[in-house]
Amino acid sequence: MDIVNILRDKILNSVDELVEEKKIQKPFNIDNIVVERPKKQHQGDYSTNVAMVLGKALSSNPRDIGELIKSKMGDEDIIDAVSLDGPGFLNIKINLKFWDSLIIEIMSNDKSYGEDRFGRGRKVNLEFVSANPTGPLHLGHVRGAVFGDALARLLEFVGFQVTKEYYVNDGGAQIGILVRTVYYRYLQTLGDDIALPEDSYPGDYLLPVAEKLLDKYGEELKNTEEFERDKIIREFSLEYMMKVIKSDLASLNIEMDNFFSEQTMINSNAIETALSTLKDKGLIYNGIIEAPKGKTHTDWEAREQMLFKSTKFDDDIDRPIKKSDGSWTYFAPDLAYHADKLKRGFDVVIDILGADHSGYVSRLKAVINAFAEKRVEFEVKLVQLVKLIKNEKVLKMSKRAGDYILIQDLLEEVNSDFIRFVMLTRNNDVPLDFDIDLMLSKSKDNPVFYVNYAHARISSVLKRAKELNMWPLSKVEDLEKRTFPLIENELTLVKKLSEWPNVVRQSAKFHEPHRIAFYLNEVASSFHSLYQSSYESGSYRFIVEGAQELCANRLALANSTQIVIRNGLSLLGIVPLDEMY
RNA sequence: GGCCCCGUAGCUCAGCUGGAUAGAGCAACUGACUUCUAAUCAGUAGGUCGUACGUUCGAAUCGUACCGGGGUCACCA
């Protein structure tokens with residue numbers, strides 16, 4: 001168990017004791033009690049606001065309550081001293097022995113240091129990317145992809161059972177466009193001097209599909225009856241495109257658990273089934289939506305459509321299920337899809353969407369509310385768009401051929417780890433400027449290098465120690481017998497390492513993987529500082545030949561640091577480097 | 001006009017969901033390489049947390065109203 005939880009338990013026990021002794025009343029709301037690392041060193045190793053929270057709940061003086069709790073928290077193995085400061089903070093000084101033992105704990109837990117169980121095995125459906133299968137992935141997809149993947153790793157690390165899901169839009173109108181475009185490309189490949197029709201995908205990324213189509217079918221498609229031909233092209237192109245997309249994802253170190261086909265779902269009559277459930281609940285009707293206010297819609301005309309009564313669940317307007325010509329809107333299959341997620345028994349459903357879909361959120365929530373039969377946690381994470389910068393100009397991404405930056409093209413020049421790290425070093429609801437030139441320059445501005453450099457330095461030290469037979473230690477337990485007091489710089493680092501389990505918990509709880517990236521920077525910084533201190537003083541070294549005993553502790557500290565960095569990077573889906581190149 | 005997101009150092013961003021004297025990186029300035037890898041480190045300087053009210057022991061954080069920027073708004077996906 002990690003230090004924050006240990007302290008928290010001690011604090012809560014103290015409160016319970018005081019209640020039992022009738023020195024204070026039983027408080028109601030104690031969720032706000034936090035145990036955290038204070039910013040200033042003189043404020044102890046950990047501090048808690050318990051006295052102030054209770055002061056408010058019981059409406060009495062925080063400092064009085066603080067004194068009472070303080071008296072209950074003394075003489076413990078891990079607590080050295082408790083002081084009552086400021087408006088009522090309890091500042092806790094941790095015993096030096098504890099920090100020694102933490103190093104051992106990290107080393108013996110290794111890959112599982114920081115793991116948590118608060119997910120309690122609950123099933124999470126995490127939907128992300130879900131790009132239309134009409135072309136390869138481009139830069140616009142990367143952020144959501146990387147974010148979703150990191151979140152999945154994080155949630156698994158804290159005990160959820162995560163299904164990473166990709167919704168394949170293979171049932172809508174855009175597939176018709178895909179088929180038509182591929183057919184024209186096919187004709188062009190055959191030598192026909194023919195221009196692409198108006199409504200088609202202009203990029204040349206469909207040319208290889210046409211070529212492969214030609215390899216397999218020869219010229220015969222030209223004479224095949226249209227319905228049959230479209231069917232062949234459709235299947236062929238979809239399979240091809242999904243293969244490309246999967247390989248794009250793989251090159252970003254992302255692997256989906258499930259590809260959910262819209263068309264397959266439609267074929268199973270899922271839409272009708274879902275709608276009949278909603279009908280039974282009186283949530284479907286035919287009606288006319290009012291014209292949008294504010295803006296003047298010259299082409300607006302009243303139409304009667306089949307509508308979903310999402311206003312019953314706090315949506316602004318009821319949403320159309322069918323277009324006026326009677327065909328499904330995009331929303332109809334998506335509604336059935338979300339009903340299906342619930343049917344599959346997930347406890348937590350998370351959608352990751354681009355911020356340009358923010359208007360879609362309330363109707364999805366309405367769907368979940370309409371169908372959920374048990375308590376389901378539903379959240380839509382919106383990732384802001386990535387602004388692409390090249391030659392100091394913002395690049396407008398459009399589906400026109402030229403300014404389309406494909407993931408494949410990008411990865412030819414840049415390591416995917418860098419892309420991942422940059423994307424994850426930002427809260428997802430702030431827009432991200434992605435400077436291509438900076439990225440291609442492989443400069444020192446590359447933030448992932450800083451963390452990796454710390455990792456590589458440790459690898460290098462351990463490798464050298466191994467050559468000198470100083471590492472690995474014969475047994476981790478050997479370390480327990482030693483009592484080398486950690487010096488100041490070392491303590492700073494160990495204390496930073498002690499935060500890891502809490503960082504994991506908080507990131508997972510709030511679905512914010514960027515906290516991991518920031519934390520790793522802090523760990524790296526703390527390590528670099530310690531490492532560098534030998535240049536300043538000439539005295540501190542991880543390896544001092546002939547001083548095996550002294551070095552054991554230092555090497556163990558380096559090793560635990562590396563474990564934390566490795567665990568952190570692996571949650572971000574980034575491969576740690578043993579040496580810089 | 002409605003809804004969503006953002007506004008914190010010159011720039012890019014954190015700020016642990018209400019706590020103590022608001023922090024990093026880049027850029028600027030001063031200093032440290034005969035090494036276990038200087039892609040690093042130590043230090044200096046830089047702030048009306050968009051504005052104004054409010055909630056309370058206490059606000060960058062919560063509420064309301066404004067200001068500024070971005071996104072989005074039936075019969076697209």
Side-chain angles (χ1 to χ4, degrees), chain A residues 32 34 36-40 43 47 49 52-53 55-56 61-62 85-89 91 132 134 169 172-174 288-295 297 299-303 305 307 316-320 322-325 327 329-331 334 354-362 382 384-385 387 425-427 429-433 435 442-447 449-450 452-454 456-465 468 499 502-503 505-507 509-510 512 514-515 517-519 521-522 524-525 528-536 538 541-544 551 554-555 558 579-580:
Chain A
N32 299 330
V34 293
E36 58 190 357
R37 304 249 4 242
K39 290 166 207 152
K40 309 288 171 185
Q43 292 165 344
S47 96
N49 61 352
M52 288 177 290
V53 171
K56 188 163 211 166
N61 189 333
D85 299 314
F89 288 98
N91 291 328
N132 282 340
T134 54
N169 280 259
Q174 72 283 359
I288 297 166
I289 303 179
E290 280 179 38
K293 290 177 185 119
K295 218 162 53 175
H297 283 257
D299 57 346
W300 191 88
E301 53 181 278
R303 292 188 186 86
Q305 293 171 285
L307 300 170
D316 300 327
I317 52 169
D318 291 337
R319 303 294 176 174
K322 280 186 177 177
K323 301 177 194 171
S324 49
D325 66 3
S327 62
T329 61
Y330 176 82
F331 180 50
D334 213 11
D356 53 338
H357 290 69
S358 63
Y360 204 64
V361 175
S362 52
L382 295 174
Q384 289 290 330
L385 298 188
K387 214 193 288 170
T425 319
R426 213 135 267 158
N427 190 329
D429 46 28
V430 359
L432 174 64
D433 286 351
D435 191 324
K442 289 191 179 178
S443 74
K444 299 176 193 175
D445 301 322
N446 187 329
F449 277 171
Y450 185 77
N452 255 329
Y453 187 45
R457 275 182 151 174
I458 295 170
S459 287
S460 174
V461 166
L462 294 180
K463 188 177 159 205
R464 179 79 185 125
L468 296 170
E499 297 172 25
N502 201 43
V503 169
R505 260 198 307 276
Q506 298 293 322
S507 312
K509 190 172 162 196
F510 298 114
E512 292 180 351
H514 74 276
R515 295 185 188 211
F518 277 89
Y519 170 76
N521 257 310
E522 289 166 16
S525 165
H528 283 311
S529 172
L530 176 64
Y531 187 96
Q532 204 75 20
S533 62
S534 70
Y535 303 141
E536 311 291 328
R541 302 183 59 83
F542 285 93
I543 296 171
V544 181
C551 292
R554 294 181 176 178
L555 291 169
E579 51 186 67
M580 305 305 282

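Chain A is the first sequence line, chain B the second, and so forth, proteins listed ahead of strands; every chain is numbered from 1.
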>> Does D334(A) reach a base, just sugar-phosphate, or nothing at all? Heavy atoms under 4.0 Å.
In response: nothing
>> Distance check needed: A74(B) C1' versus L307(A) CG, whole Å only.
In response: 9 Å
>> What's the gap between G18(B) and G54(B) when it is taken at their C1' atoms, as a whole Å value?
In response: 15 Å
> With a 4.0 Å cut-off on heavy atoms, is H357(A) in touch with a base, just the backbone sugar-phosphate, or nothing at all?
Replying inline: base
> How far does the P atom of A22(B) sit from the matching atom of U61(B), given to the nearest Å?
Replying inline: 14 Å
> Under 4.0 Å between a side-chain N/O of K322(A) and OP1 or OP2 of A74(B), yes or no?
Replying inline: no
>> Please report the distance, rounded to the nearest Å, between CG in D429(A) and P in U61(B).
In response: 17 Å
> Between S529(A) and A42(B), is there a side-chain N or O to OP1/OP2 distance below 4.0 Å?
Replying inline: yes
>> Would you measure the distance from the C1' atom in C13(B) across to the matching atom in A52(B) and give it in whole Å?
In response: 27 Å
> Rounding to a whole Å, what distance do you find between N49(A):CG and U17(B):C1'?
Replying inline: 12 Å
> Closer than 4.0 Å, any side-chain N/O of R541(A) to the OP1 or OP2 of C36(B)?
Replying inline: yes
> Looking only at side-chain N and O atoms, does Y450(A) come under 4.0 Å of OP1 or OP2 in C41(B)?
Replying inline: yes
> Roughly how many Å is it from CG in D85(A) to P in C57(B), rounded to a whole number?
Replying inline: 22 Å
> Contact class for K56(A) vs. all strands (heavy atom < 4.0 Å): base, sugar-phosphate, or nothing?
Replying inline: base
> Under 4.0 Å between a side-chain N/O of K40(A) and OP1 or OP2 of G23(B), yes or no?
Replying inline: yes
> Say you pick atom C1' in G70(B) and the same atom in A32(B); how far apart are they, in whole Å?
Replying inline: 45 Å
> Between C16(B) and H514(A), is there an OP1 or OP2 to side-chain N/O distance shorter than 4.0 Å?
Replying inline: no
> Expressed in whole Å, how much space separates the P atoms belonging to U21(B) and A14(B)?
Replying inline: 24 Å
> Under 4.0 Å between a side-chain N or O of Y453(A) and OP1 or OP2 of A39(B)?
Replying inline: yes
> Roughly how many Å is it from CG in N32(A) to P in C16(B), rounded to a whole number?
Replying inline: 14 Å
> If you measure from the P atom in U55(B) to the same atom in A60(B), how many Å do you get, rounded?
Replying inline: 16 Å
> Over how many whole Å does the gap from Y360(A) atom OH to C73(B) atom P extend?
Replying inline: 13 Å
> Who is the Watson-Crick or G-U wobble partner of A24(B), with both distances under 3.5 Å?
Replying inline: U12(B)
> Across all strands, who's sitting opposite C41(B) as a Watson-Crick or G-U wobble pair, both distances under 3.5 Å?
Replying inline: G31(B)
> For C62(B), what is the paired nucleotide under Watson-Crick or G-U wobble rules, both distances under 3.5 Å?
Replying inline: G54(B)
> On a whole-Å scale, what distance lies between the P atoms belonging to G23(B) and G2(B)?
Replying inline: 38 Å
> With both distances under 3.5 Å as the test, what is the Watson-Crick or G-U wobble partner of C36(B)?
Replying inline: none
> Which part of the nucleic acid, if any, lies within reach of S507(A) when heavy atoms closer than 4.0 Å are counted: base, sugar-phosphate only, or nothing?
Replying inline: nothing
> Whom does G68(B) pair with, Watson-Crick or G-U wobble, provided both distances fall under 3.5 Å?
Replying inline: C6(B)
> Quick one: on RNA chain B, does Q384(A) or P87(A) contact a more 5' nucleotide (nearest heavy atom)?
Replying inline: Q384(A)
> If we take the C1' atom in both A24(B) and C5(B), what is their distance in whole Å?
Replying inline: 24 Å
>> What is the separation between atom CG on N427(A) and atom C1' on U61(B), rounded to the nearest whole Å?
In response: 14 Å
